[in-house]
Amino acid sequence: MRRSYLFLCLIVQKITIILSIISVINWELIVFFQYDLIAAIFNGEHAGMSRIIFILVGISGLISINILNNSRTSLQAGRSYTTNH
């Protein structure tokens, strides 16, 4: 049970990273070339699929905050373990 939970967390983290990378590339294209790749692929920024992608990117950003917080907590726990032993 614990192993499948860890595997699921790993999959979610990888999907989150992929969506974050897609988001960064899209924003760079918007900033430098005024070209929205996601909107172009899915026929406009108000198209249903385009909106779903933007929603998933937003959710992945929220998950990234949790991942960052967990990694910082793990680092702090490791630091306290090494200083106490």
Side-chain angles (χ1 to χ4, degrees):
M1 177 74 167
R2 174 99 171 128
R3 187 174 183 162
S4 62
Y5 173 76
L6 293 175
F7 181 73
L8 180 64
C9 287
L10 183 63
I11 296 295
V12 168
Q13 287 178 355
K14 287 187 182 209
I15 292 170
T16 298
I17 290 169
I18 290 168
L19 285 172
S20 296
I21 291 169
I22 290 170
S23 175
V24 167
I25 292 170
N26 193 52
W27 275 108
E28 290 298 318
L29 288 171
I30 291 170
V31 168
F32 291 118
F33 304 109
Q34 290 78 41
Y35 181 73
D36 189 345
L37 181 64
I38 302 297
I41 290 172
F42 298 109
N43 298 324
E45 65 183 43
H46 298 293
M49 191 62 180
S50 183
R51 296 184 87 169
I52 290 171
I53 297 296
F54 287 127
I55 289 169
L56 290 174
V57 166
I59 291 170
S60 75
L62 296 174
I63 293 171
S64 295
I65 293 169
N66 189 31
I67 292 170
L68 181 63
N69 188 35
N70 286 342
S71 65
R72 186 177 52 179
T73 304
S74 296
L75 287 174
Q76 289 173 348
R79 203 175 300 133
S80 66
Y81 176 77
T82 56
T83 57
N84 291 338
H85 290 69

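Note that the numbering runs from 1 along the sequence shown for the chain.
Interatomic distance, Asn69 CG to Ile67 CD1, rounded to the nearest 0.5 Å: 11.0 Å. Atom CD1 of residue Ile38 and atom CE of residue Met49 lie 9.5 Å apart, to the nearest 0.5 angstrom.
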Can you give me every donor-acceptor pair (side chain of residues 7-20, partner residue at least two apart or in another chain, under 3.5 Å) with its distance?
unit_1 : atom_1 : unit_2 : atom_2 : d
Thr16  : OG1    : Val12  : O      : 2.8
Ser20  : OG     : Thr16  : O      : 2.9

Extract all donor-acceptor atom pairs below 3.5 Å that involve side chains of residues 53-63 and protein atoms in other chains or at least two apart in sequence.
unit_1 : atom_1 : unit_2 : atom_2 : d
Ser60  : OG     : Val57  : O      : 2.7

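Applying the side chain to side chain contact (heavy atoms under 4.5 Å, CB included) test to Leu37 and every residue at least two apart in sequence or in another chain returns Asn26, Leu29, Tyr35, Ile41.
Trp27 and Phe32 fall into different hydrophobic clusters, defined by Ile, Leu, Val, Met, Phe, Trp and Tyr side-chain heavy atoms under 4.5 Å apart, directly or through other members. Placement of Ile21 and Ile65 in two distinct hydrophobic clusters is found when ILVMFWY residues are connected by side-chain heavy-atom separations under 4.5 Å, directly or transitively.
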